[in-house]
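Sequential numbering from 1 along the given sequence is applied to the chain's residues.
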Amino acid sequence: MLRRRTKPLVAAKPNGPLWIAEDLFRDDRALLVDDDAVAPLSGDNHLSTALVDYLLQRSLQPTDLQDTTLVGSANSLHFFHQVNAKIATAPSDPNVAKSVENIRQRCSHYKDNKFEFLSPFCIDHHFVAVKIVFDLRSPDIFHEVSVYDSLIKGGRRNNSVHRNSPPAKYLRSFQQFIANFCLFGNPKCEVLLANPDHIVEKAVYRSCPMQQNGFDCGLFAFGCVLHLLKGLDVSADIFNQQHISKLRESLHAVFTVTDIGSDVPNPRELLSSSFLSSFFPLQSENDCHDDVFLRLLQDLPNNDNDIDAAPDVPDKGPPIELDVVPLHPRLGADPQPEPTRHRDNYFTTQFIEVPKEFEDMSKVDLAIDDYEESSGVRLVIARSRGAGSRLYFCASHTGCCFRAKFGRERGTLPIIYKQELSNPFHCGEPVPPKTNGRAPKKRVRDKLEESVDHVIEVKDSTPVPKDVMKAAANIQSVRASYNQAYRAIGRAVENGPREKQQASFGLIMSYLKHFQLRNEDSTVKAESDADQRLRRLGICPGIMRRSLQHVRPVLSLNGAHLLSKWKGTLYIASVQTACSNIYPVSFAIMKDGEGAEGWKWFLELLVEAIPLLKMQHPDNRCRFCYFTVISDRQKGLIQALQQVFPDNHHCFCSVHIARNVEKEVGKKVAKHVHALSATFSKRESDELMAKINAISARGKKYLEGISANQWRSTAWVDDPTLPPRFGIVTTNMSESVNSMVGDARDGSWLECTNDIVRKMMNRICSLREENYGREGVVDKVAEILENRWKNCSNFQVREVVKGGSQFDVFRPSRGASLPETNRLLDVREQTCECGKWQEHGVPCIDAVAYYRLFETQTLQYIMDNHVSEHYKYETVNELLKENIVPVSLDILDQDGVTLPPNCTKRSSGRPRKKRIRKRSRFAHDPDKSPIVCSRCKKRGHNVKTCVAREQLEKQHPAELDLS
């Protein structure tokens, strides 16, 4: 368990500035270390915060630091908690209020400059390094928030800091301190206090060395801060576990050496910056040491038994105050020399000095091939993530530290060399040659097409990998493996249907033109890039301008991936009919993944095609537009809705919220989410939240963090200005549409577009046939009203004000699950405290009781006059009156311009066909081959593949006899 100080490490001067988090270099006193802080060095133990602070203070002189560099202690979290706690007690305690005012005055100097804060803080028994660059004068206060955790690999695709992680707790405490003491009275103070996670949202995990055990996190955090203080960039290979282990052993030897003699200084008093820096490769190169080191190394005992017995040495009394004196880097330990590292000048010249941008990974492969040919170094692919990211390792040296990372920056298309995630240095011994002089396998993708074409010309039957392997060795001098030859044939064989799919992109513009001519008022769009490669297309049939007047005004949005060779993302908008049937409205196909830009483009298409979506609500009580939008909380969609539909209410799917809760806190909480979303009863809602809180307080906090008026039905009872959702609390209609068009997602973009249009047309036809000739309230709603009519016979209805519109409806008890209760009903506004009447547009059981017992109306009268038009067959028939006119693919013309989007990704896995024998091992050394050609008498080939035979056949075809 970690040992922490309970008192501040450095006491600030009463009248001077207050240095954040007990700054280690802003006080005149040196830190103290005792045997209790040293003892954990002897075994697999965590270090104390006191020892980490002591080492950090010994690593630099205060004069080496800039005035704007702040260094917090390892116990700085305690400092923040202690100081921030004063804010809560200040109003009731004058002494604390005076202390708070004093601290604010002493923190005023932080408003005058830009500062860099570094700290190896300890939280939850783990050390983490942090770097915060902040400027209180800037609108964006926190310019950089970097976290270096030796247990979390930085540089990942998603490297953001989770808001429930330990570093996030530390960052929130830091932000609270800045807001309360450095920005007090400034408008920015309220902004930071209103959003405690502002700094967390900017925090990212940076790449840093990874620890290989569970107890050296303190020294890893110390090493990261030490490099940052000296102006060095921290990367994953700047030091490693071996360096930290050597440092730990040497520190243990320094602190436990005894009987050193009167003429030799105490090693604790000689601990210096050069000693600590010598264990890190990039810092030890420029360190120099005095002759006292050699003398001290000779005089000190070098007995491993003495060192091991050091923890049992009797207590030496009070701690020793240390002075900064140089110490030999090999004191008490004998580290092995580090392997020699040399920079790769070829790679630096080709990729670093002149930055390059690549269109796709095939261009990167060509550049790597040129590099290998010029340098003689062989690189292998260590990790490949699709068509946008690749990591290369050196295969020419044993244990080489070389790394080359290529990928896209977030939000950009070109592929670049990522210098911060790479290491252009080589180390290690050369790799021994392969047996029998066999050369290592190389990348041959896109190099075997010539060989495949040659085999297709020579052979009448389908080419096999064996023939391609031989042809590649003879024609191109390329040694291809079975898998490589097999895949090259697969690409050639697939070229036929693939070329048809590629040609189909030239028909898309013609298809859109014919669709718009056949379907009046339709909106179609298509965009291509500078190379005429199609990027996106969208279709909204013209009938939707009129049809959407007869649906429930809740628009569901969702996206899905296409599964063809050309990939892409399918965007779909759908609604529900009066019979609760799904009804697709519009769709779009885009090259890029689901994001804010794509959603914005699709929503703008919807607004242009269907002005009804932004129409004012006919109910004057509603403050939003007529249509409500429900989604799965996709971040890009939320941003796009705020820009395109700012006046439409946006709701969240309860199923997706439940899935997110399950990831956060588990299934026991997630199973209550849908009920919490659907209930209108505040009492039931409070009971559900109490259950969730009993299972997980974090789960309750997570749910409370989602705005209630976007998913919880109780918000509709509290706020009558919210538009009704008609009971739609999930995006099930979108998921159903995705399932309906599932087969269409396998084809090319043209096939997908045509299939979806035809499915939309067939859907309208089938629904029209299903509901033809029907009238009145739909069957499902009629059944619900019949049940309510039967169950309300013993209710009591009382008029609140004579001649008024409000009535009190009393429900008697119907068992333990349904206790007696009462509801206030307003028949003029058609609202009830249960929330169901105004939500669904169908009289709730209290309203049915009023019409039956007070107005003495019949059930049929209620259905005819008090049910919303959104639940009647007449509305369905009006919706399905018009249909979409499809387009035949046979009438389309090629435009000769439009090209398919770039798609370089292929499926992973090896071929599953039966293998054949490998080709001869003498392909690269034919003189040793036992095969002799009967025509030219040379080794390495036979008469069928002899070049001389081909020439002879051309010159004297009659003389050639192969019988």
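The side-chain heavy atoms of Arg206 and Val234, taken from C-beta on, include no pair separated by under 4.5 Å. Between Val377 and Glu372 there is no side-chain heavy-atom pair separated by less than 4.5 Å. Side-chain atoms of Phe279 and Ser250, non-hydrogen and from C-beta on, do get closer than 4.5 Å to each other. At a threshold of 4.5 Å between non-hydrogen side-chain atoms, the residues Asp365 and Arg390 count as touching. Annotation: side chain of Phe142 is in contact with side chain of Ile132 (closest heavy-atom distance under 4.5 Å). No side-chain heavy atom of Val130 sits less than 4.5 Å from a side-chain heavy atom of Val128. Proximity of Val145 to Val133: side-chain heavy atoms (C-beta onward) are nowhere separated by under 4.5 Å. Proximity of Lys356 to Ile416: side-chain heavy atoms (C-beta onward) are nowhere separated by under 4.5 Å.
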* Asked: Yes or no on side chain to side chain donor-acceptor pair (under 3.5 Å) for Lys405 and Ser389, after CA distance, side-chain angles and deciding distance?
  -> CA-CA 8 Å; Lys405 175 74 173 183; Ser389 176; 2.8 Å; yes

* To do: Go through Phe402 and Leu379 one step at a time and tell me if the side chain to side chain contact (heavy atoms under 4.5 Å, CB included) criterion holds.
  => CA-CA 9 Å; Phe402 179 91; Leu379 301 183; 3.6 Å; yes

* Asked: Where do Gln212 and Ser245 land on the side chain to side chain contact (heavy atoms under 4.5 Å, CB included) test, with the steps shown first?
  -> CA-CA 10 Å; Gln212 304 300 320; Ser245 299; over 6 Å; no

* For Ser119 and Lys131, what are the C-alpha separation, side-chain angles and deciding distance, and is it a side chain to side chain donor-acceptor pair (under 3.5 Å)? -> CA-CA 7 Å; Ser119 176; Lys131 175 183 177 182; over 6 Å; no

* Asked: Would Asp149 and His126 count as a side chain to side chain donor-acceptor pair (under 3.5 Å) if you check the C-alpha gap in whole Å, the side-chain angles of each, and the deciding distance to 0.1 Å?
  -> CA-CA 9 Å; Asp149 192 333; His126 182 59; 2.7 Å; yes

* Take Leu229 and Leu56, measure what side chain to side chain contact (heavy atoms under 4.5 Å, CB included) needs, and give me the verdict at the end. => CA-CA 10 Å; Leu229 285 173; Leu56 193 56; 4.1 Å; yes

* Asked: Between Phe406 and Leu391, does a side chain to side chain contact (heavy atoms under 4.5 Å, CB included) hold up when you go through it step by step?
  -> CA-CA 6 Å; Phe406 292 87; Leu391 177 64; over 6 Å; no

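Contact record, Cys122 with Thr49: CB-CG2, 3.8 Å, taken as the closest heavy-atom pair. The minimum heavy-atom distance linking Leu171 with Ile199 is given by the pair O-CG2, 3.4 Å. Taking both residues in full, the closest heavy atoms of Leu47 and Pro40 are given as CD2-CB, 4.3 Å, listed atom of the first, atom of the second, then distance. Closest heavy-atom contact between Pro465 and Ile489: N-CD1, 3.4 Å. Minimum heavy-atom separation, Pro120 to Gly72: CD-O, 3.5 Å. Between Glu359 and Arg408, the closest heavy-atom pair is O-NH2, 4.1 Å.
In this structure, OG in Ser76 is found 9.5 Å from CD1 in Ile123, a value given to the nearest 0.5 Å. A distance of 7.0 Å separates CZ in Arg378 from OG in Ser396, rounded to the nearest 0.5 Å. Taking CG of Leu228 as the reference point, atom CG of Asp233 lies at 8.0 Å (rounded to 0.5 Å). Between Leu366 atom CG and Asp370 atom CG the span is 7.0 Å, to the nearest 0.5 Å.
Judged by the 6.0 Å distance and 45° axis criteria, Arg403 is positioned over the aromatic ring of Phe393.
Between Tyr170 and Phe121, the two ring planes are parallel [angle under 30°; tilted spans 30° to 60°]. Ring-plane geometry between His342 and His397 is classed as perpendicular, the angle between the planes exceeding 60 degrees on a 0 to 90 degree scale with a lower cut at 30.
At least one donor-acceptor pair closer than 3.5 Å links the side chain of Gln484 to the backbone N or O of Ser481. Using a distance-only test at 3.5 Å, with no hydrogens or angles considered, no donor-acceptor pair links the side chain of Ser73 to the main chain of Asp53. The closest donor-acceptor contact from the side chain of Glu116 to the backbone of Val71 lies at 3.5 Å or more, if one exists at all. A donor-acceptor contact shorter than 3.5 Å links the side chain of Asn240 to the backbone of His243. Panel note: side chain Thr348, backbone Asp344; a donor-acceptor pair is recorded below 3.5 Å. In this structure a side-chain-to-backbone donor-acceptor pair under 3.5 Å is present from Asn423 to Cys401.
Annotation: Tyr148 is not in aromatic contact with Tyr205 [ring centroid separation under 6.0 Å not met]. Annotation: Phe347 is in aromatic contact with Tyr417 [ring centroid separation under 6.0 Å]. Aromatic rings from His143 and Phe134 are positioned such that their centres are separated by 6.0 Å or more.
A 6.0 Å sphere centred on NE2 of His561 holds no more than 12 heavy atoms belonging to other residues, nucleotides or ligands. Heavy atoms from other residues, nucleotides or ligands lying under 6.0 Å from CZ of Arg163 number 12 at most. Within a 6.0 Å sphere centred on OH of Tyr346, other residues, nucleotides and ligands contribute 12 heavy atoms or fewer.
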Distance-only criterion, 3.5 Å: show the donor-acceptor pairs between side-chain atoms of residues 214-225 and protein atoms not counting sequence neighbours.
{"residue": "Asp216", "atom": "OD1", "partner": "Arg248", "partner atom": "NH1", "Å": "2.6"}
{"residue": "Asp216", "atom": "OD2", "partner": "Asn213", "partner atom": "ND2", "Å": "3.0"}
{"residue": "Asp216", "atom": "OD2", "partner": "Gln241", "partner atom": "NE2", "Å": "2.9"}

